[in-house]
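To start, the structure under review is shown below, and the notes come after it.
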2 protein chains.
Amino acid sequence: MAYHTLKQRILEGTYGPGYRIVIDRVAKELGVSAIPIREAIRRLEAEGLVEVERFSGAKVTRIDAKMYEDILSALAVLEGYATAQAYRNLTDEDFDALRQTNEAMRQARSDFDLTLYSRLNQQFHEIILRCCSNRYLVDEIHAFRERMDAMRVSVFNLIPHRASDSIAEHDKLIQLMAVDVGEDAVERFARQHRLATLEAFRRWNEQHTRLVAERKEGYRAPREIHRPGADP
Amino acid sequence: MAYHTLKQRILEGTYGPGYRIVIDRVAKELGVSAIPIREAIRRLEAEGLVEVERFSGAKVTRIDAKMYEDILSALAVLEGYATAQAYRNLTDEDFDALRQTNEAMRQARSDFDLTLYSRLNQQFHEIILRCCSNRYLVDEIHAFRERMDAMRVSVFNLIPHRASDSIAEHDKLIQLMAVDVGEDAVERFARQHRLATLEAFRRWNEQHTRLVAERKEGYRAPREIHRPGADP
DNA sequence: CATGACGTTATCGTATACGATTTCCTATGC
DNA sequence: GCATAGGAAATCGTATACGATAACGTCATG
């Protein structure tokens with residue numbers, strides 16, 4: 001299906017920011033007409049992943065550092081609240097899973113296995129989020145995270161992970177939830193945990209001075225030369 | 001344009017929850033082919049306003065009381081945070097505008113002019129929101145509010161407005177911001193202001209016992225009878 | 001070399017046509 | 001009256017065709 005293919009390519013960075021998706025070319029490549037491609041692009045547009053300009057087609061949305069920070073801080077707020085709503089629903093098994101996941105993260109950091117580390121980090125937060133009964137909130141958080149992950153792959157892939165701090169903070173969060181210090185304190189800590197990533201990003205961004213979003217300009221599809229008599 | 005027409009009809013309640021949008025009929029009515037209608041529906045799908053089932057077309061999303069509450073509480077969290085981020089950017093003119101708007105709301109309540117009251121209430125919060133520099137957050141809040149408003153029109157239009165409390169709370173919020181009691185206090189108050197609406201809704205919903213979302217079933221487009229030889 | 005004009009080509013947006021699928025209506029049986 | 005089956009009609013999903021528009025390449029000029 002066209003939608004899933006296009007979305008995946010955007011999320012994994014094959015189509016970088018600013019890249020112009022040529023509808024006819026994708027249609028030909030996937031063996032369908034332009035209509036389902038156009039429908040897919042309308043969905044992606046509504047999700048904010050592409051921008052559609054009339055008669056010019058769809059470009060992958062370009063993200064600057066400001067927007068990255070804006071999304072990250074909005075995400076911090078929602079995650080903080082969701083964690084506070086969720087933690088009293090955590091079972092003993094959940095707490096065990098959290099501790100094991102964080103321990104595995106510690107090991108992944110020692111092994112310098114970034115891919116595993118990231119996956120475990122997601123898993124850690126997912127254990128908590130799955131206990132939040134506000135499904136709308138959870139869906140929004142997932143959508144925000146998806147956007148963040150896509151940006152990270154294509155643009156901000158050199159941001160330091162601050163792994164040591166994260167793992168220690170997970171330990172602290174587990175403790176706060178286990179002793180039930182109250183929703184306010186849990187919310188504040190969980191929010192700050194995410195906001196610390198924002199602070200790390202800001203410091204990194206200032207050091208690098210240039211506008212990171214300008215780097216790795218989206219790849220423009222090559223233009224096929226048509227000559228009368230030439231093979232298609 | 002098809003998208004705007006369809007969206008407006010959903011937002012103003014012409015198409016209620018569960019209503020099946022018949023693509024060919026709308027296309028004929030608007031004087032276009034089915035293709036732009038389908039594209040519009042894909043956008044609305046991604047926005048959560050309709051649900052698309054393969055070969056059965058699009059139905060306006062049905063909302064139950066739980067989802068209404070979920071959205072409302074997520075909105076409360078975001079609005080609280082946005083207000084805390086915005087208030088130090090408010091000018092003297094902004095504060096004057098807030099006081100005037102709240103005074104006009106007081107008058108509208110005395111006149112029992114619900115439409116004006118609601119418009120002024122939106123205006124009040126918009127004055128604050130426009131001073132929030134996190135544009136992503138503001139866009140999300142607008143999207144949430146849009147969903148809430150659509151639900152209110154079509155399903156929950158008898159919810160009490162708790163006007164007296166709201167106006168008093170606006171006065172208090174203005175005061176808290178003016179004396180700069182700190183972001184935490186402002187955030188907490190602004191969040192609670194919205195959550196009070198949630199509590200009012202819950203009380204009202206329990207009193208009414210029945211599942212409000214079942215009421216006012218979406219209107220199904222009438223079926224046109226085709227007979228050979230009949231005029232189109 | 002840079003810029004602007006102009007023509008060609010690629011691409012976009014959507015109408016029409018048509019096969020696939022679901023919905024709806026009618027007939028029949030209990 | 002109600003349930004079920006079957007066929008007709010409505011509707012959906014998308015390929016193809018084609019006019020509208022932007023992108024691109026080439027050429028002329030300063």
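Residue numbers begin at 1 in each chain, while the letters A, B, ... track the order of the sequences. Note that the structure is predicted; figures quoted are calculated from it, not measured.
Across all strands shown, A/Ile41 has no heavy atoms under 4.0 Å from either base or sugar-phosphate atoms. Among the heavy atoms of the strands, none lies under 4.0 Å from A/Ile37.
Taking OH of B/Tyr15 as the start and NZ of B/Lys7 as the end, the distance is 15.0 Å to the nearest 0.5 Å.
When distances are taken from the side chain of A/Glu39 to each of C/dC12, C/dG13, D/dT14, the shortest belongs to D/dT14. Out of C/dC12, C/dT23, D/dT16, the shortest distance to the side chain of A/Ile35 is found at D/dT16. Nearest nucleotide to the A/Arg25 side chain, out of D/dC12, C/dG13, C/dT11: C/dT11. The A/Val22 side chain lies nearest to C/dT11 when the options are C/dT14, C/dT11, D/dT11. Residue A/Phe55 has its side chain nearest to D/dA22 when only C/dT14, D/dA22, D/dA23 are considered.
Atoms CZ (A/Arg38) and C1' (D/dT14) sit 13 Å apart, rounded to a whole Å. To the nearest angstrom, P of D/dA23 lies 13 Å from CD1 of A/Ile23. Between A/Glu45 atom CD and C/dG13 atom C1' there is a gap of 14 Å when expressed in whole angstrom units. Between the CZ atom of B/Arg54 and the P atom of C/dT21 there is a distance of 8 Å, rounded to whole Å. A straight line from NZ of B/Lys59 to P of C/dT22 spans 13 Å, rounded to a whole angstrom. Following rounding to the nearest Å, A/Glu53 (CD) and D/dA23 (P) show an atom-to-atom distance of 7 Å. Taking atom CG of residue B/Asp24 and atom P of nucleotide C/dT16, one finds them 12 Å apart after rounding to whole Å.
Using modelled atom types, one side-chain atom of B/Asn89 and one backbone atom of B/Cys131 make a donor-acceptor pair closer than 3.5 Å.
Heavy-atom nearest nucleotides on DNA chain D were determined for A/Ser56 and for A/Ala34, and the one closer to the 5' end corresponds to A/Ala34.
Residues passing the salt bridge (Lys or Arg N to Asp or Glu O under 4.0 Å) test with B/Arg119, sequence neighbours excluded: none. Listed by chain and number, the residues in a salt bridge (Lys or Arg N to Asp or Glu O under 4.0 Å) with A/Arg38 are B/Glu39 (sequence neighbours excluded).
Aromatic rings from B/Tyr136 and A/Tyr68 are positioned such that their centres are separated by 6.0 Å or more.
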